[in-house]
*Asks:* 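Next up is a structure, given as structure tokens.
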Amino acid sequence: MSRLLSLAEAVESVVHDGDSVALEGFTHLIPHAAGHEIIRQGRKRLTLIRMTPDLIYDQMIGMGCAEKAVFSWGGNPGVGSLHRFRDAVENGWPHPLKIEEHSHAAMANAYEAGAAGLPLAVLRGYIGAGLPAVNPNIKSIVCPFTGEKLAAVPSIRPDVGVIHAQKADRAGNVLIEGIVGVQKEVVLASKRSIVTVEEVVEEFGPRSPNATILPAWTVGALAVVPGGAYPSYTFGYYKRDNAFYKTWDTIAKDRDSFVAWMKANVLDVGPEVFAAQARKMLQAAE
Amino acid sequence: MSRLLSLAEAVESVVHDGDSVALEGFTHLIPHAAGHEIIRQGRKRLTLIRMTPDLIYDQMIGMGCAEKAVFSWGGNPGVGSLHRFRDAVENGWPHPLKIEEHSHAAMANAYEAGAAGLPLAVLRGYIGAGLPAVNPNIKSIVCPFTGEKLAAVPSIRPDVGVIHAQKADRAGNVLIEGIVGVQKEVVLASKRSIVTVEEVVEEFGPRSPNATILPAWTVGALAVVPGGAYPSYTFGYYKRDNAFYKTWDTIAKDRDSFVAWMKANVLDVGPEVFAAQARKMLQAAE
Amino acid sequence: MADYKPNEMMTVAAARALRNEDVCFVGIGMPSAAANLARLTHAPDIVLIYESGTLGTKPTVLPLSIGDPELCETALTTVSVPEMFRYWLQGGRITVGFLGGAQIDKHANLNTTVVGPYDKPKVRLPGGGGAPEIATSCGEIFIIMAQGKRAFVPKLDFVTSLGHGEGGDHRARLGVKTKGPTRLMTDLAVFEPEPGSNEMIVTSLHPGVTREQIVENTGWPVRFAATVAETPPPTKIELEALRDLQARTARAHGAAA
Amino acid sequence: MADYKPNEMMTVAAARALRNEDVCFVGIGMPSAAANLARLTHAPDIVLIYESGTLGTKPTVLPLSIGDPELCETALTTVSVPEMFRYWLQGGRITVGFLGGAQIDKHANLNTTVVGPYDKPKVRLPGGGGAPEIATSCGEIFIIMAQGKRAFVPKLDFVTSLGHGEGGDHRARLGVKTKGPTRLMTDLAVFEPEPGSNEMIVTSLHPGVTREQIVENTGWPVRFAATVAETPPPTKIELEALRDLQARTARAHGAAA
């Protein structure tokens, strides 16, 4: 049953040093506020799992939270490199980062298999590609009916899954709309979970009979963080701050400017700053 | 791209003698009108695939359309036996029926795998159960990561998939709501398809961003048949005729009363009778 | 205490076994009546899931089929059938699954497939449906079946779903981590697995039922626990809730004719 | 005919290759510009799919990321990412996939993973994302890449996604049934696979481009088709549609700052 906590309490009680942690959200609903809180609480040696490491993992890696990254595409979408991620891989700064690299198809299937309680995902994948030679977690099975060789990857079953969503109701059920990504899968696949939401409502009210809802009993800690996905976005609430994604390229390029930005915008503030940032994007959208 | 046809034209052009045909709908949205049309057109030697054979296959089997049934639960839900199905299996009337029997989990996974273009589905299933000993299409694979033995079944990829849905828009996209069952999967898994709908609207208008929609280019023939799911139901349109399901038990128990009912209610009429039957259930619901 | 029928005692006994915090995979018929009775009495927060995909459903009348409109209309949300079997059942999210059958043996294996040989059945039953995986994926299994020698047999004609297999640690030896059948509710008694052997033994007799009646209605040499309780009879509240539910259901299903 | 830049010629050439009946898996950047240009000009019914799950999307501005709000708001519907990769990509429902990369070889294999050794990269690139399966699951592949010796290399540092492998029937020998790269659009020319060898050869030069320029900007001994066409320059309609789209996009992304 989901417990309504402050974000600080949620991270404190759910995320431990050394955990495998998946903060998911495919461009949409990226749990930036939760990522910042993990940084503020100084978590170390995390295995960070995420299809698109993105700004959120650039920040966590640059601040030294990560020992390993499991991912399928590590860039700043539409902009370019993740400079902190590259600095860790290429130069070992702030310390070396192990990587386990997959394709999107494999990771999406692996989350699906994790949610389904299976030990592996099977896909027609990686044919003629270089990754199987460098990632021992890409194996194969042979179809007993057709003889076809298919790729197999371990299902993803993180210690902790973290997502952001539109809203929860008083009972603690969570509603997700728009680009739903692997949001539902990562919560169902994880041993523990944190869900941040824009708001808590009395009841969801009229909705599609097939709305994407995580029932309260599948959710761990629940925290209300308005704007918690900024500079990503929350469908129905505020837009993506595409300009910030471009600005990040400059901030992150240099170690000093990165550290200064993190101090001013993460270490010295709290999750309450997200509401104002999202408000700005709401106005921009109107 | 979906083609708008009469139901008779759709069945005429899409369903051939000897085809494997899956008429799906998990209690909800069962394509009864399409089943009746297949009977009227006298299709023979079909392999009928369906999780819950139900009244619709009781009728098709009793009328001699089927050579084989692939299924996971063959009963009249909440009522009892399928007498025509039993008569075919137990006594070979009107002729013998081959069966391939699975569990629900296996068939649901097999449709999913069919939609996903895979040759097999993998599940943790059939442990300690008797079916693997009598169904050679239940095999296993070994997880290369954990060593766990998991069940494997061939994916379902029928020649023809047939479903009923709420509505299509002018472009031929199809919207499905409520208990969505394996409706989407069976169309995506099939080589050809027929979708009957309650109505065609200009545009779907406001809807969930994640509405279950089959794009026009994934749909074969489209036919408008108001009430086409009766005595099953269409969420948002009319209720299930639970009383008829009970009545069917009496009709189907006896070969003569079955044949008489089929002549009067299927052979001698057309799909236009469904609208009035559904209207009755609409009134009952109000 | 009102007058009641054996069937009502069976349903009430099954309802009582459910806890407010359970997530229950419900089958049609008696399991559905028992699960909804629990929800309407002592377990208002119980989560009911039907294999049609309806999560957290709260029907006001009992469904005739596994996918009646009421189930979807009153659900928190409804997922596809593949998702239901993958994420929810196989995912290990169900605490209790309800099963029944045409035949049961002393280790609570069930047959709903055939009477007679599989290839040339005397009676072709509906088949397993969800049962083979419900039996192994749910945290534990409750079984509801009216007792009688044709149903409570020494050897099943077909094993549709695994109970305790050949007894003892057979489930564990098959790699199954869930408990299997922990409780069998009949119209005469409650059975539970004997620690060690996992043979289903009588642990509670319904009021007025004798050991002789149990023996006469069980096809194997039935055994009794060292201490056999008497099942508390249905309370007024339980009976009224059950009868109201069944009356509403009869009206709803009949009205459609 | 208006003045235009080589990048514009490249985008227009890519747009022209798309047909009105195509179902196109679109990547971010130039593929997105080309696919939307096609939709806004000669292929109004083309179905655009982005890997974020948006089916049949019709954005009025180009997305910066693969999952910008515009994509979902204008889509027919949006599915989960596992479903996108299972039912839509692997399901074989996409006729054309667009790819690009940091490096390409003469058989149109692509590298977007690393420059230098994998374990100790000189440059760590973003990685494959959807590319490894896009490359084999789509009916055919169009590639857009600006030409230059650092990108058009004799040997890839890493094979992120399969093109024609070692050439010839290598794809078929790997069990792949799709066509692979059928067209490579650069800022200088159009390449197509030579029948038989499946080596990418120049089949059309953009207006004003010389064979010498191609040779200077290709890291392998580039070959030309027996008959090399001249790419028709962008029409006024094409250029206006492309520039309008890019101006709207710049305003939309800038305005958010």
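Side chains included, hydrogens not; waters and symmetry mates left out as well; all remaining heavy atoms used. Remember, it's a predicted structure, so these values are computed and weren't measured experimentally. Residue numbers begin at 1 in each chain, while the letters A, B, ... track the order of the sequences.
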*Asks:* I'd like to verify something: which residue of A:Asn91, A:Val182, A:Asn109, A:Thr52 has the highest number of heavy-atom pairs under 4.5 Å with chain D?
*Replies:* A:Asn109
*Asks:* Using non-hydrogen atoms and a 4.5 Å limit, figure out which bit of D:Ser52 sits close to chain A: side chain, backbone, both or neither.
*Replies:* both
*Asks:* Report yes or no: is the cationic atom of A:Arg84 (NZ for Lys, CZ for Arg) under 6.0 Å from the centre of the six-membered ring of A:Phe258, at an angle within 45° of the ring normal?
*Replies:* yes
*Asks:* Count the heavy-atom pairs under 4.5 Å between each of D:His170, D:Gln90, D:Arg171 and chain A, then report the option with the highest count.
*Replies:* D:Gln90
*Asks:* Is it the side chain or the backbone of A:Phe235 that comes within 4.5 Å of chain D heavy atoms, both, or neither?
*Replies:* side chain
*Asks:* With only heavy atoms counted, which part of D:Ile28 is less than 4.5 Å from chain A, the side chain, the backbone, both or neither?
*Replies:* side chain
*Asks:* Can a side-chain donor-acceptor contact be found between A:Glu198 and A:Thr234 if the only test is distance below 3.5 angstrom?
*Replies:* yes
*Asks:* Non-hydrogen atoms of chain D under 4.5 Å away: do they reach the side chain of A:Met51, the backbone, both or neither?
*Replies:* side chain
*Asks:* Determine the option with the most heavy-atom pairs under 4.5 angstrom with chain A, choosing from D:Gly127, D:Pro82, D:Ser80, D:Gly130.
*Replies:* D:Pro82
*Asks:* Chain D: which of A:Gly78, A:Ala129, A:Ala105 shares the most heavy-atom pairs with it under 4.5 Å?
*Replies:* A:Ala105
*Asks:* Classify the side-chain pair A:Asn76/A:Tyr245 by whether it contains a donor and acceptor separated by less than 3.5 Å.
*Replies:* no
*Asks:* Check each atom of D:Val79 against the heavy atoms of chain A and say whether the ones under 4.5 Å are side chain, backbone, both or neither.
*Replies:* backbone
*Asks:* Under a 4.5 Å cutoff for heavy-atom pairs, which residue among A:Val79, A:Val180, A:Ile127 has the most contacts with chain D?
*Replies:* A:Ile127
*Asks:* So for A:Leu123, is it side chain, backbone, both, or neither that comes closer than 4.5 Å to the heavy atoms of chain D?
*Replies:* both
*Asks:* Looking at chain A, which one of D:Gly67, D:Ser137, D:Pro126 has the largest number of heavy-atom pairs inside 4.5 Å, strictly under?
*Replies:* D:Pro126
*Asks:* Do D:Ser32 and D:Tyr50 have side-chain N/O donor and acceptor atoms under 3.5 Å apart?
*Replies:* yes
*Asks:* Please examine the side chains of D:Leu89 and D:Cys138, heavy atoms only from C-beta on, and report whether any two atoms are closer than 4.5 Å.
*Replies:* yes
*Asks:* Scan side-chain atoms only and decide if A:Asn242 and D:Asp68 contain a donor-acceptor pair under the 3.5 Å cut-off.
*Replies:* yes
*Asks:* Can you tell me which of D:Lys120, D:Met84, D:Glu51 forms the most heavy-atom pairs within a distance under 4.5 Å of chain A?
*Replies:* D:Glu51
*Asks:* Parallel under 30°, tilted from 30 to 60°, perpendicular over 60°: which one fits the rings of D:Phe152 and D:Phe191?
*Replies:* tilted
*Asks:* What part of A:Lys149 gets within 4.5 angstrom of chain D, counting heavy atoms only: side chain, backbone, both, or neither?
*Replies:* neither
*Asks:* Measuring from atom CZ of A:Phe26 to atom CD1 of D:Ile66, what distance do you get when rounded to the nearest 0.5 angstrom?
*Replies:* 6.5 Å
*Asks:* Among A:Gly128, A:Ala133, A:Gly75, who wins on heavy-atom pairs under 4.5 Å with chain D?
*Replies:* A:Gly128
*Asks:* If I measure from the heavy atoms of chain D, does A:Glu90 come under 4.5 Å with its side chain, its backbone, both, or neither?
*Replies:* both
*Asks:* May I ask you to decide whether D:Glu133 forms a salt bridge with A:Arg124, counting only side-chain N to carboxylate O separations under 4.0 Å?
*Replies:* no
*Asks:* Taking the basic N atoms (NZ, or NE/NH1/NH2) and the acidic carboxylate oxygens, is any pair closer than 4.0 Å for A:Glu101 and D:Arg124?
*Replies:* yes
